[in-house]
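See structure below.
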Protein chains: 2
Amino acid sequence: MSVSTSQVKLRVLPSGRTRILDEAAKLFLSGGYGDTSLRDIASAVGIQPASIYHHFHSKEELFTEILRIGVEHTTRAFDEVTETLATTLRSLDPQETLLAHIEAHLIALFEHGPYTAANIVAFPVAPEAVKSAVVPIRDQYEQRWDTLLQSLATSGLLDPNLDVRMARRILLGSINSTIEWFTPKQYSRKKKDAQSVNDLANVMTTLVWKGIAR
Amino acid sequence: MSVSTSQVKLRVLPSGRTRILDEAAKLFLSGGYGDTSLRDIASAVGIQPASIYHHFHSKEELFTEILRIGVEHTTRAFDEVTETLATTLRSLDPQETLLAHIEAHLIALFEHGPYTAANIVAFPVAPEAVKSAVVPIRDQYEQRWDTLLQSLATSGLLDPNLDVRMARRILLGSINSTIEWFTPKQYSRKKKDAQSVNDLANVMTTLVWKGIAR
DNA sequence: GCGACACCCTAACGAACGTTCGGTAGCTCG
DNA sequence: CGAGCTACCGAACGTTCGTTAGGGTGTCGC
């Protein structure tokens with residue numbers, strides 16, 4: 001008890017800038033860019049609208065930063081999986097590789113919630129200036145998927161008629177759109193159709209790999 | 001030449017209300033609900049903002065109507081395919097059935113452009129009142145897909161481990177997300193990767209049916 | 001030829017918006 | 001102790017927003 005309470009709080013609780021980002025991400029996620037005002041964000045954080053300008057130059061910069069963080073989380077998750085798989089000695093089943101990356105993407109989507117999810121629902125209707133700022137780092141992430149799928153293709157593991165870039169877009173599109181209907185087990189209230197992110201990843205991978213046909 | 005020019009124009013050109021809907025749909029599609037003002041819409045149509053209120057009670061009603069029309073187009077397209085397939089005497093290949101419905105959905109998405117597309121990109125960040133007004137008719141459409149897939153499942157044509165509702169959600173999610181990257185041949189400027197909606201439907205169907213694995 | 005109605009106008013309302021400015025409390029460090 | 005910095009506040013700015021009120025003009029049925 002010798003450590004002062006204020007010091008502990010400062011370490012544990014998010015600082016001002018992070019608090020703004022967290023609350024803003026939630027609001028942008030549910031209301032988009034135009035319908036979320038800086039006054040909404042400020043009141044969610046418990047500060048005055050003017051105080052936001054101490055941390056960000058403009059509303060657009062704040063929004064761009066949120067999208068950037070979201071992509072960053074996803075990219076890092078992808079790279080960690082790649083690294084883990086590389087250091088694993090056992091031979092790599094291609095379907096397991098796919099599963100690991102799909103799961104990582106889904107975890108980023110549902111676990112780091114608002115930041116990543118905002119990239120799905122709020123990006124398409126974002127101001128042009130925001131879009132063009134985020135597109136380059138989104139491209140970097142998509143490039144990783146292209147590389148992964150291409151390596152599977154050159155190993156002869158994919159349908160040779162498949163357009164890899166097209167397959168990647170459809171694949172990521174289907175994964176991302178789960179944000180609109182899936183609720184992970186731990187957050188769901190009704191136990192009925194509740195499943196874990198892991199379950200979802202398994203279903204998605206099987207579906208992508210083998211299709212829906214018997 | 002006995003028919004007066006004005007009469008012909010009145011039949012061919014969209015009337016005031018339709019013009020408003022058309023322009024508004026385009027703007028809502030690219031900017032979402034909050035960032036699209038009635039003044040933007042009015043100036044695109046070439047009228048005054050106040051004139052919109054002669055046709056719609058509020059901005060929300062206008063937006064809701066656009067989303068409603070979009071779903072209506074998609075639903076009608078689905079039903080027309082069902083009817084056509086029913087009156088066709090030859091036996092129905094399940095994959096062809098799927099292809100026909102996927103193609104119909106994609107045509108509605110890219111041909112009736114803004115109305116249907118707005119349901120994909122602008123709906124998730126729409127005001128709650130708008131969402132709850134559109135959800136019931138969206139459900140009706142999704143119900144048709146559930147029925148279709150369920151009939152395939154009970155015929156033993158689908159993977160028995162498959163959750164039909166989940167598969168439908170993933171399937172529709174992947175189809176809908178094409179709106180963010182696909183540009184049909186006739187509209188595309190660069191000939192390189194240009195393909196028709198029909199081509200896209202074929203790729204999607206094969207992918208959904210058999211997966212990406214060789 | 002005249003009321004009724006559809007359609008669009010000008011003008012303006014109050015509210016909400018992003019943003020700016022000057023100031024202040026508290027902490028750090030010489 | 002006091003200069004300097006971080007984090008925030010209160011008040012206000014000019015602008016834009018959705019919406020309303022009231023008026024004008026053309027067309028159509030009677």
Side-chain angles (χ1 to χ4, degrees), chain A residues 3-25 27-28 30-66 122 125-130 133, chain B residues 3-25 27-28 30-66 122 125-130 133:
Chain A
V3 180
S4 84
T5 314
S6 67
Q7 266 188 349
V8 170
K9 272 192 179 174
L10 279 173
R11 297 272 169 189
V12 172
L13 260 57
S15 72
R17 185 186 147 95
T18 307
R19 286 253 304 148
I20 293 172
L21 285 167
D22 284 348
E23 297 298 329
L27 290 169
F28 282 136
S30 63
Y33 182 76
D35 277 325
T36 304
S37 70
L38 291 179
R39 283 170 173 82
D40 290 338
I41 297 167
S43 99
V45 178
I47 59 175
Q48 295 299 314
S51 303
I52 295 177
Y53 284 83
H54 180 70
H55 301 277
F56 304 95
H57 293 105
S58 67
K59 186 186 177 186
E60 277 198 357
E61 186 192 293
L62 168 59
F63 187 47
T64 305
E65 176 68 4
I66 287 172
V125 288
E128 219 55 49
V130 175
Chain B
V3 180
S4 82
T5 315
S6 68
Q7 267 187 349
V8 171
K9 273 193 178 174
L10 279 173
R11 298 270 168 191
V12 172
L13 259 57
S15 72
R17 183 186 148 94
T18 308
R19 285 253 304 146
I20 293 172
L21 285 167
D22 283 347
E23 297 299 329
L27 290 169
F28 282 136
S30 63
Y33 182 77
D35 277 326
T36 303
S37 70
L38 291 179
R39 283 170 174 83
D40 291 338
I41 297 168
S43 99
V45 178
I47 58 175
Q48 294 299 314
S51 303
I52 295 176
Y53 284 82
H54 181 71
H55 301 278
F56 304 95
H57 292 104
S58 68
K59 186 185 176 186
E60 276 199 357
E61 186 192 294
L62 169 59
F63 187 47
T64 306
E65 177 68 4
I66 287 171
V125 288
E128 219 55 48
V130 176

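Naming: A, B, ... by sequence-line order, numbering from 1 per chain.
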The side chain of [X] lies closest to which of these nucleotides: [options]?
{"X": "B/R39", "options": "C/dC9, C/dT19, D/dG18", "answer": "D/dG18"}
{"X": "A/H55", "options": "C/dC8, D/dC8, C/dT10", "answer": "D/dC8"}
{"X": "B/L38", "options": "D/dC8, D/dT19, C/dT20", "answer": "D/dT19"}
{"X": "A/Y53", "options": "C/dT20, D/dC8, C/dC7", "answer": "C/dT20"}
{"X": "B/K59", "options": "D/dC8, C/dC7, D/dG18", "answer": "D/dG18"}
{"X": "A/A50", "options": "C/dG18, D/dA7, D/dG10", "answer": "D/dG10"}
{"X": "A/S58", "options": "D/dT19, C/dC9, C/dT19", "answer": "C/dT19"}

Requested in this report: Output yes when at least one side-chain N/O atom of B/H54 is less than 4.0 Å from OP1 or OP2 of C/dC7, else no.
Outcome: yes
Requested in this report: Answer yes or no: does a side-chain N or O of A/Q48 lie under 4.0 Å from OP1 or OP2 of D/dC8?
Outcome: no
Requested in this report: Please report, rounded to the nearest Å, how far the P atom of D/dT19 is from the CZ atom of B/F63.
Outcome: 14 Å
Query raised in the report: Rounded to the Å, how far apart are B/I52 CD1 and C/dT10 P?
Result: 14 Å
Query raised in the report: Between A/Y33 and A/K59, what is the shortest heavy-atom contact and its length?
Result: O-NZ, 3.0 Å
Requested in this report: Select from A/I20 and B/S37 the residue whose nearest nucleotide in DNA chain D is closer to the 5' end of that strand.
Outcome: A/I20
Query raised in the report: Is there a side-chain contact between A/F56 and A/L21 (heavy atoms, below 4.5 Å)?
Result: yes
Query raised in the report: Hey, are the side chains of A/E23 and A/R19 touching, using non-hydrogen atoms and a 4.5 Å cut-off?
Result: yes
Name the atoms and distances for all side-chain donor-acceptor pairs under 3.5 Å in residues 36-48 of chain B, with sequence neighbours left out.
from, atom 1, to, atom 2, distance (Å)
B/T36, OG1, B/L27, O, 3.2
B/T36, OG1, B/G32, O, 2.8
B/S37, OG, B/R39, N, 3.4
B/S37, OG, B/D40, N, 3.1
B/S37, OG, B/D40, OD1, 3.4
B/S37, OG, B/D40, OD2, 3.2
B/D40, OD2, B/S37, N, 3.3
B/S43, OG, B/D40, O, 3.4

